[in-house]
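Computed from a predicted model, the values in this text were never measured in an experiment.
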Amino acid sequence: MKRILITGALGQIGSELTLKLREIYGTDNVIATDIKKNDSETALSGPFEVLDVTDAKAMIAIAKKYKVDSIIHLAALLSATAEAKPVFAWNLNMGGLLNALETARELKAQFFTPSSIGAFGPSTPKNATPQDTIMRPTTMYGVNKVAGELLADYYYHKFGVDTRGLRFPGLISYVTMPGGGTTDYAVEIYYDAVNTGRYTSYIDKGTYMDMMYMPDALSAIVDLMEADSSKLIHRNAFNISAMSVAPDDIAASIAKYIPGFKISYDVDPVRQRIAESWPNSIDSTAAKEEWGFKIKYDLDKMTQDMIEKLRQKRQLRISG
Ligand code: AKB
């Protein structure tokens with residue numbers, strides 16, 4: 001990657017990934033785009049263009065203007081929002097992806113887009129879900145992710161586009177809140193723990209899903225994109241996970257650093273059903289073997305860092 005176009009750059013992953021890539025590849029070589037501009041560091045610290053990913057012509061024009069050689073396509077609706085607006089989700093998630101792949105084809109650019117644990121469904125093996133297995137998701141988001149993985153494979157085989165992808169678990173970060181996901185509770189719980197010492201979870205006790213701390217997810221994107229193409233068997237997309245946890249596990253970890261922290265439950269049937277259709281834990285062996293996937297943060301290390309960083313943010317807000 002030398003000159004990179006990012007779509008959805010102001011979202012949960014993009015806002016941190018853009019800054020990391022600017023540090024590695026140089027500020028002017030990372031072009032951030034999103035549907036609207038805001039006054040965040042990501043939008044203001046380097047090249048930024050307003051881009052609606054369903055506008056194919058605008059995407060190609062921006063990619064050509066900056067002569068990009070890599071595209072990181074992040075703009076998409078997450079699982080719970082996609083379930084509430086399935087037709088809009090299909091149009092945005094699939095239309096945006098097709099435009100981004102076409103742009104990569106025209107510019108002969110390397111390509112990354114995330115898939116998700118949401119690509120799996122109730123008939124998938126629940127524990128240590130293998131890399132290659134049954135994929136019959138029951139959500140619109142999952143349908144988009146499976147179709148997206150296949151489409152990215154197709155562009156590799158048919159047109160030689162160097163497509164790569166990761167099946168992300170729930171991503172946890174103190175920088176930008178996710179929006180409309182099923183795993184969002186695992187971020188909200190830390191904010192509420194620091195601000196009020198308690199959290200009411202919309203996902204039920206004992207519901208296991210994979211999670212990962214954002215710094216590990218960002219490193220995984222860079223490592224996969226820099227990996228030797230000839231070593232990749234599973235391009236679109238690799239299972240990766242750092243931990244398989246339920247709300248009560250996160251609560252127990254938080255209680256080690258915030259004694260007296262309390263969790264209660266008010267289960268949202270829609271998001272609970274989605275969570276129950278996903279695996280408890282996925283197996284990341286292919287990612288480890290093919291490009292050396294590794295993590296730095298387990299649950300307690302992540303909890304400690306999240307609490308420390310959120311306390312600093314809170315302090316800045318109070319004193320600023
Ligand atoms: C969601 O919950 O929709 C996402 C995901 C796991 O893909 N965080």
Residue pair D69 / L107, side-chain heavy-atom distance below 4.5 Å: no
Taking atom types as modelled and ignoring hydrogens, do the side chains of S244 and S281 form a donor-acceptor contact shorter than 3.5 angstrom? no
Do any N or O atoms from the side chain of K309 and from the backbone of Q304 form a donor-acceptor pair under 3.5 angstrom? no
T200 (side chain) donor-acceptor with Y265 (main chain) under 3.5 angstrom: no
Closest approach of L74 and I6, non-hydrogen atoms and distance? CD1-CG2, 3.8 Å
R3 atom CZ: more than 12 heavy-atom contacts under 6.0 Å: yes
Test your reading of the model: is there a side-chain donor-acceptor pair from D305 to the backbone of K301, 3.5 Å cut-off? no
Nearest heavy-atom pair of M211 and S241: which atoms, and what distance? O-OG, 4.1 Å
Pair listing, ring pair (Phe, Tyr, Trp, His ring centres under 6.0 Å) test, anchored in residues 233-253, at least two apart: F238-W291
Could you pull out the closest heavy-atom pair between Q110 and M225, with the gap in Å? NE2-O, 2.9 Å
For A76, is there any backbone N or O sitting under 3.5 Å from a side-chain donor or acceptor partner on N93? no
At their closest point, which heavy atom of D248 faces which heavy atom of G206, and how far apart are they? OD1-N, 2.9 Å
What I'd like to find out is whether the side chain of P178 reaches to under 4.5 Å of the side chain of L171, using heavy atoms alone. no
May I ask you to test the F111-N236 pair for a side-chain heavy-atom distance under 4.5 Å? no
Taking everything shown except Q312 itself, do over 12 heavy atoms lie less than 6.0 Å from its CD? yes
From L218 CG over to I13 CD1, what is the distance, rounded to the nearest 0.5 angstrom? 8.0 Å
Can you sort out the partners of Y156 under side chain to side chain donor-acceptor pair (under 3.5 Å), two or more places apart, ordered by chain and number? none
What ring pair (Phe, Tyr, Trp, His ring centres under 6.0 Å) pairs are there with at least one residue in residues 301-320, not counting sequence neighbours? none
When hydrophobic residues are tied together by side-chain contacts of less than 4.5 Å, even through go-betweens, does L166 share a cluster with Y141? no
Which pairs, with at least one residue in residues 13-39 and sequence neighbours excluded, count as a salt bridge (charged side-chain N to carboxylate O under 4.0 Å, His left out)? none
Taking the side chain from T33 and the backbone from E49, do they hold a donor-acceptor pair closer than 3.5 Å? no
Can you tell me how far the CD1 atom of I60 sits from the CG atom of D55, to the nearest 0.5 Å? 10.5 Å
Applying ring pair (Phe, Tyr, Trp, His ring centres under 6.0 Å), which residue pairs with at least one partner in residues 49-92 are found, sequence neighbours left out? none
Is it the case that the side chain of D184 and the backbone of G181 share a donor-acceptor pair, with hydrogens and angles ignored and the cut-off at 3.5 Å? yes
Holding to side chain to side chain donor-acceptor pair (under 3.5 Å), I want the full list of residues that pass it with D300, two or more places apart in sequence or in another chain. S253, K256
NZ (K313) with more than 12 external heavy atoms under 6.0 Å: yes
Under a 3.5 Å distance rule, please check whether D249 uses its side chain to pair with a backbone N or O of V245 as donor and acceptor. no
Let me check something: do I172 and L299 share a hydrophobic cluster, defined by ILVMFWY side-chain heavy atoms less than 4.5 Å apart, either directly or through other members? yes
A252: what forms a side chain to side chain contact (heavy atoms under 4.5 Å, CB included) with it, not counting sequence neighbours? none
Check: K2 and N29 side chains under 4.5 Å, non-hydrogen atoms: no
Distance-only side-chain donor-acceptor flag, D283 / N239, under 3.5 Å: no
Is the closest side-chain donor-acceptor distance between T207 and Q272 under 3.5 Å? yes
CG/D266: more than 12 non-hydrogen atoms of other groups inside 6.0 Å: no
Distance alone, cut at 3.5 Å: any donor-acceptor contact between the side chains of R235 and S229? yes
Would K158 count as a cation-pi partner of Y154, with NZ or CZ less than 6.0 Å from the six-membered ring centre and within 45° of the ring normal? no
About how many Å separate OG1 of T183 and CG of L78, when rounded to the nearest 0.5 Å? 7.5 Å
V146 and A119: which non-hydrogen atoms are nearest, and at how many Å? CG2-O, 3.3 Å
Determine whether a donor-acceptor pair (N or O, by modelled atom type, separation under 3.5 Å) exists between the side chain of S284 and the backbone of A287. no
Could I get the full list of side chain to side chain donor-acceptor pair (under 3.5 Å) partners for Y202, not counting sequence neighbours? none
Residues pairing under ring pair (Phe, Tyr, Trp, His ring centres under 6.0 Å) where one sits in residues 171-195, two or more places apart or in two chains, turn out to be none
So, do P122 and T138 sit near enough that their side-chain heavy atoms are less than 4.5 Å apart? yes
Which donor-acceptor pairs under 3.5 Å do side chains of residues 98-106 form with protein atoms, sequence neighbours excluded?
residue: N99; atom: ND2; partner: V53; partner atom: O; Å: 2.8
residue: N99; atom: ND2; partner: T54; partner atom: O; Å: 3.3
residue: N99; atom: ND2; partner: G95; partner atom: O; Å: 3.3
residue: E102; atom: OE1; partner: R105; partner atom: NH2; Å: 3.2
residue: E102; atom: OE2; partner: R105; partner atom: NE; Å: 3.0
residue: E102; atom: OE2; partner: R105; partner atom: NH2; Å: 3.4
residue: E102; atom: OE2; partner: Y155; partner atom: OH; Å: 2.6
residue: T103; atom: OG1; partner: N99; partner atom: O; Å: 2.7
residue: E106; atom: OE2; partner: K64; partner atom: NZ; Å: 2.8

From CG (D204) to CG (D268), nearest 0.5 Å: 11.5 Å
Between the side chains of D162 and R164, is the shortest nitrogen-to-carboxylate-oxygen separation below 4.0 Å, so that they form an ion pair? yes
Using only atom types and a distance under 3.5 Å, with no angle test, would you say the side chain of K262 pairs donor to acceptor with the backbone of A251? no
Under 4.5 Å between any side-chain heavy atoms of M140 and E83, yes or no? yes
State, yes or no, whether a side-chain contact exists between M135 and E149 at a heavy-atom distance under 4.5 Å. yes
Establish whether L310 and M214 are linked, either directly or via other cluster members, by ILVMFWY side-chain heavy-atom contacts under 4.5 Å. no
Separation between CD1 (I282) and OG1 (T285), nearest 0.5 Å, reads 10.5 Å
Please assess S173 against Q12 for the test side chain to side chain contact (heavy atoms under 4.5 Å, CB included), listing each intermediate value before the final yes or no. CA-CA 8 Å; S173 149; Q12 195 205 10; 4.3 Å; yes
Keeping the roles fixed (side chain from R136, backbone from G121), state whether a donor-acceptor pair exists under 3.5 Å. no
Spatial distance of atom CE (M302) from atom CD1 (I250) [nearest 0.5 Å]: 5.5 Å
Restricting to non-hydrogen atoms, name the atom on D52 and the atom on I35 that form the minimum distance, rounded to 0.1 Å. CB-CD1, 3.7 Å
Test side chain to side chain contact (heavy atoms under 4.5 Å, CB included) applied to T124 - qualifying residues, sequence neighbours left out: F120, T129, T133
Please identify each residue that fulfils side chain to side chain donor-acceptor pair (under 3.5 Å) with S79, with sequence neighbours left out. T182
